[in-house]
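Note sheet for the following structure.
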Amino acid sequence: MTVKLYAFTCGIITGPRGHMMVGEVGDITFPVPAYLIEHPKGRALFDTGLHPGLRSQPEKRFGARRAAMFRIDLPPGAEISARLAAIGRDPDAIDLIISSHLHFDHVGGNALVPNATLVVQRREWAAGMEPDAAEKRAFFAVDYDLGHKLRLVDGEHDVFGDGSVVCLPTHGHTPGHQSLKVRLDGGDVVLAADSCYFCQTLRERRLPVMVHDREQFLASLDKLEALERAGARLFFGHDPEFWKTVPQAPAVIV
Ligand SMILES: [Zn+2]
């Protein structure tokens with residue numbers, strides 16, 4: 001069964017490097033990825049990038065503190081709905097949005113994909129629905145509490161039932177973060193999302209400042225490393241150098 005994987009950089013963000021990796025100085029500009037997976041049984045996105053409202057009123061969408069810390073660059077046409085339309089895919093005909101987690105740069109485009117069922121770890125959704133916890137974790141319900149149908153999953157989840165697209169729990173960055181393993185003709189790839197921002201995060205165990213659970217985060221990195229040793233290619237969540245090597249849609253990742 002052939003699965004096709006496409007990558008999109010849906011805007012870029014500039015912010016303090018030390019926020020992303022403890023001990024660093026200066027600023028870093030990093031990509032905001034989203035992916036389309038086409039399976040004979042349906043079309044799924046893995047994350048949806050940024051909401052277009054961040055262009056003009058970032059403080060309204062993710063708070064004044066973060067708006068002061070991060071500069072958003074989302075050119076017209078870079079949002080997920082436009083990227084899909086540009087390759088002839090109708091955003092209204094996407095079946096699933098698989099969310100790695102509920103941060104603004106991963107679920108911001110959910111509003112642009114209205115008919116999809118949201119596939120999210122139950123514990124992540126529970127944290128997102130608890131107003132105090134959500135605020136503390138920088139979850140903004142305006143991004144994800146939009147009435148999408150929900151498929152809440154616990155731990156590993158075989159999305160299409162044939163082992164080709166599998167959610168892998170990689171908690172730690174947030175309570176219920178998940179990565180996605182996709183079986184391509186060229187071998188397995190693992191879309192790490194924010195369980196691993198950069199290649200350096202993995203190689204040097206250099207964690208971000210904001211971590212929900214440090215032990216779980218480190219265990220998730222061990223899991224990613226084991227998958228890599230077994231032959232999988234890892235796609236790092238926000239690594240600008242790595243992303244220069246990723247072909248953008250309409251190119252298919254092989
Ligand atoms: Zn995140």
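What you see is a predicted model; the values in this text were computed from it and never measured. Numbering of ligands and ligand atoms starts at 1, following listing order.
- A donor-acceptor pair under 3.5 Å is absent between the side-chain atoms of Asp143 and the main chain of His51, judged by distance alone.
- Residues satisfying the ring-ring contact (aromatic ring centres under 6.0 Å, His included) test with Phe217, not counting sequence neighbours, are none.
- The ring-ring contact (aromatic ring centres under 6.0 Å, His included) check on Phe8 picks up nothing, with sequence neighbours excluded.
- Around the Zn ion (ligand 1), protein N, O or S atoms at a distance under 2.8 Å total 4; waters are neither shown nor counted.
- Applying the ring-ring contact (aromatic ring centres under 6.0 Å, His included) definition to pairs two or more places apart or across chains, those involving residues 150-172 are His39-Phe160.
- Under the 30°/60° scheme for interplanar angles, the aromatic rings of Phe46 and Tyr35 are found to be tilted.
- For the residue pair Asp194/His106, the side-chain donor-acceptor check at 3.5 Å is satisfied.
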